[in-house]
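Everything below concerns the one structure shown next.
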Amino acid sequence: MHLPKDAWYRMLFVHSLDGIWLARPSGQLLTANPAACAILGYSADDIPQLQRQDVIAPGHLALADSLTAHSGPSPWRAALDFVRKDGSTVPVDVSSEAFAGVDDQPLHCVIFRDLSTERQATAALRESETRYRTAFMTSPDAITITDLKDGRYLDINEGFTRIFGWFRDEAIGRTSLDLRIWQDLGERDAFIRQFRLHRECLNFEARFRNRHGEPVTGLVSSRVIGFGGQSCILTVTRDVSERKRAEVELDQYRHHLEELVEDRTRELQTARDVAQTANQAKSSFLANMSHEIRTPLNAILGYARLLQRSSASEVQREQLERVRWAGDHLLTLVNDVLDFSKIEAGELHLESIEFDAVALLDGVGALIRESASTKGLTVTVAPLDLPRSLRGDPTRLRQALLNLASNAVKFTEHGSVTLSAQTLHEDDHGLLLRFEVLDTGVGIAPAKLGELFEPFHQVDASTTRLHGGTGLGLAITRRLARLMGGDAGVESVPGQGSAFWITVRCEAGGIGTAAANAPHLPLELDAVQAQLAGKRVLVAEDNPVNQELIRALLEDVGLVVSVADDGQQAVEMAPAPVDLIFMDMQMPVMDGLASTRLIRQLPHRRGTPILAMTANAFDADRQRCLDAGMNDFLTKPIDPDQLYRLLVHWLNEPAASRRA
């Protein structure tokens, strides 16, 4: 296709990837091509309204003026910053040349290229090089780069100095022969020949010596790489001398092995028996501690709730709210200790039920939103491509996410907390999901990241006094994530914030299950009373304060309440008309388990709902209650909403579907 010369020029002007503008010597812009408009953010109609000083950064305007003034009609080139329409700056490579226009009026043609991407790539490359250089220098193993032809050391790390004793300025430019590192030169020659012939990755064990002549046994991994434009050998050597010495010592005692094994076996059996006894004692102590702490907490939190309902004074309600907050905080600490002990003892078992994953994430966001708003923080929930219906343990997943989200609020003073989730992988084993909590808080120093998930650990001891906590939350979160087939971790930049994450494995849920586990809303007492009024309930509870509390909570919704002081009295009172029985586990005369078994033997009590109401919070305790014939399990301190939900459920449950 033949086009006039001016048509070719116009095509070049319009389709150029570089920005081009034409301007008068006075600085007024006449026109600009599409690339210039895109770089600067102006429309074509905006261009004639602009002066050169409108698009050149003030700090670079003087340079541009001086170049134009001194070069005259000659072209000039410089690196400048231009100003976009939105006020942001963009680095550009500029060339300019004056020429005569069609009317012989002088014009300036300015051609410029956006350097943003190039500079970002350069910065990223520098960062990558720094990162790999840091890894190279700080590795505890000896890492060397040697010339493939003559074996000269081109680079070594500090691990080489630590293992072999030669410093960098002593080793660079010399060979392993010069430093007399190899004990067996035949091994060294075979190693070089292998690389020159095949250039494959080699892994082997070799005998070396350090600069003092002391033997060093190393595990060596070598491969050919490109370095500085030439083929080189990258070698990583791990010092296993201590391990080898230990193997020699073990071999010296080989003839005593059977006797040592027998002695050690007896010691291990004794230690195992002692550990089992100690573990049983610990479990018993934790169970008792849980019971003894939860029993008074039940009264503290229960009466605080009751008094809040009846108190007319706003000051009193606020004071009672502080009491509830303190009680809930103490309960959280107790639960953390118990959960950690269960995990360590292998006694924490996961559920497998269907749940609404999006609703769970929204629920965690709702739980932290109030505390976040008091600090002026915004909370955002972004479930991305998370499936709604899953099968797994929503309780433990919610606990892990709430630990991370609560920490984010605790350690963030300004900005936001964002909860997100996405599907990483799906296969025959189910879905691998990643949940992330991103904050704009204080961040964490890189040296401290590895310690975060250790039990009883705070990154800074001062944070314990400032923010509180046992140092168990993150340890529990990681262990829960691993129990659910995933892991937990963190990325953080000091002063910019942190991103804590967990991964878990779940199965896909069934159709129509998305709403099955929606968060419970607070119950209306009037609605509960309408369903329960007049029903008869027997409470077996030995603590007088808790007797009074549970009676008040039950009578608040119109139930008729009878109280037994121990399990024996509960058995004696069971023949009387009763619609539901609450049974404590630990009671004098007869405990709740024995009492339940006897009550279940009564013909007219085989279908009566019997609910455990106990301060024993272990899974084993729950199972013991179910095995004894109870229908459900309510842990002290009692949550009134949970109590009323159980009552509504079991008192409205058809008798035929109840467990006998």
Practice item. For side chain to side chain contact (heavy atoms under 4.5 Å, CB included), just list the numbers for Arg624 and Leu593, CA-CA rounded to whole Å, side-chain angles, deciding distance to a tenth of an Å, and then say yes or no. Key: CA-CA 8 Å; Arg624 289 168 62 201; Leu593 301 177; 3.3 Å; yes
Mind checking whether [X] and [Y] have side chains closer than 4.5 Å, heavy atoms only?
{"X": "Asn631", "Y": "Ile610", "answer": "yes"}
{"X": "Val571", "Y": "Ser595", "answer": "yes"}
{"X": "Asp393", "Y": "Ser352", "answer": "no"}
{"X": "Val437", "Y": "Phe435", "answer": "no"}
{"X": "Phe582", "Y": "Leu647", "answer": "yes"}
{"X": "Leu611", "Y": "Met613", "answer": "no"}
{"X": "Asp566", "Y": "Asp591", "answer": "no"}
{"X": "Val504", "Y": "Leu397", "answer": "yes"}

Just verifying a value: how many Å separate [X] [atom1] and [Y] [atom2], rounded to the nearest 0.5 Å?
{"X": "Gln422", "Y": "Trp501", "atom1": "CD", "atom2": "CH2", "answer": "12.0 Å"}
{"X": "Arg479", "Y": "Leu474", "atom1": "CZ", "atom2": "CG", "answer": "11.0 Å"}
{"X": "Ile581", "Y": "Met630", "atom1": "CD1", "atom2": "CE", "answer": "10.0 Å"}
{"X": "Thr635", "Y": "Arg622", "atom1": "OG1", "atom2": "CZ", "answer": "6.0 Å"}
{"X": "Leu431", "Y": "Thr503", "atom1": "CG", "atom2": "OG1", "answer": "13.0 Å"}
{"X": "Leu598", "Y": "Arg605", "atom1": "CG", "atom2": "CZ", "answer": "14.0 Å"}

Is a side-chain donor or acceptor of [X] paired with a backbone partner of [Y] at a separation under 3.5 angstrom?
{"X": "Thr477", "Y": "Ala488", "value": "no"}
{"X": "Arg597", "Y": "Ala628", "value": "no"}
{"X": "Arg398", "Y": "Leu360", "value": "no"}
{"X": "Thr412", "Y": "Val409", "value": "no"}
{"X": "Lys375", "Y": "His414", "value": "no"}
{"X": "Tyr644", "Y": "Val557", "value": "no"}
{"X": "Ser406", "Y": "Asn403", "value": "no"}
{"X": "Arg606", "Y": "Ile599", "value": "no"}
{"X": "Gln547", "Y": "Glu541", "value": "yes"}

Exercise for review: Show the numbers, then the answer: is there a side chain to side chain contact (heavy atoms under 4.5 Å, CB included) between Ser562 and Val539?
Suggested key: CA-CA 6 Å; Ser562 301; Val539 177; over 6 Å; no
Which pair of non-hydrogen atoms, one from [X] and one from [Y], has the smallest distance, and what is that distance?
{"X": "Val490", "Y": "Ser498", "answer": "CG2-CB, 4.4 Å"}
{"X": "Ile502", "Y": "Ala400", "answer": "CD1-CB, 4.0 Å"}
{"X": "Arg391", "Y": "Phe355", "answer": "C-CE2, 4.0 Å"}
{"X": "His604", "Y": "Ala574", "answer": "NE2-O, 4.2 Å"}
{"X": "Val589", "Y": "Gln568", "answer": "CG1-CB, 3.6 Å"}
{"X": "Gly629", "Y": "Thr596", "answer": "C-CG2, 3.9 Å"}

Listed pairs under 3.5 Å, donor-acceptor, residues 525-535 side chains, sequence neighbours left out:
from: Gln531; atom 1: OE1; to: Asn652; atom 2: ND2; distance (Å): 3.2

Check your understanding: Is Asp427 paired with Arg505 through a side-chain N to carboxylate O contact shorter than 4.0 Å?
Key -> yes
Review point. Does a donor on one side chain and an acceptor on the other come within less than 3.5 Å for Gln399 and Arg396?
Key: yes
Check your understanding: Among Leu419, Leu438, Thr418, which one satisfies side-chain contact (heavy atoms from CB on, under 4.5 Å) with Thr380?
Key ->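 Answer after filtering Leu419, Leu438, Thr418: Thr418.
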Study note, to complete from the structure: The single option from Val561, Val563, Val537, Leu643 that satisfies side-chain contact (heavy atoms from CB on, under 4.5 Å) with Ile550 is Leu643
Check your understanding: Is there a side chain to side chain contact (heavy atoms under 4.5 Å, CB included) between Asp584 and Asn546 once you walk through the steps?
Key -> CA-CA 11 Å; Asp584 193 7; Asn546 285 332; over 6 Å; no
Review point. Given the rule in the side chain to side chain contact (heavy atoms under 4.5 Å, CB included) test, do Cys625 and Met585 qualify, once you have shown the distances and angles that lead to the verdict?
Key: CA-CA 8 Å; Cys625 291; Met585 283 186 69; 3.4 Å; yes
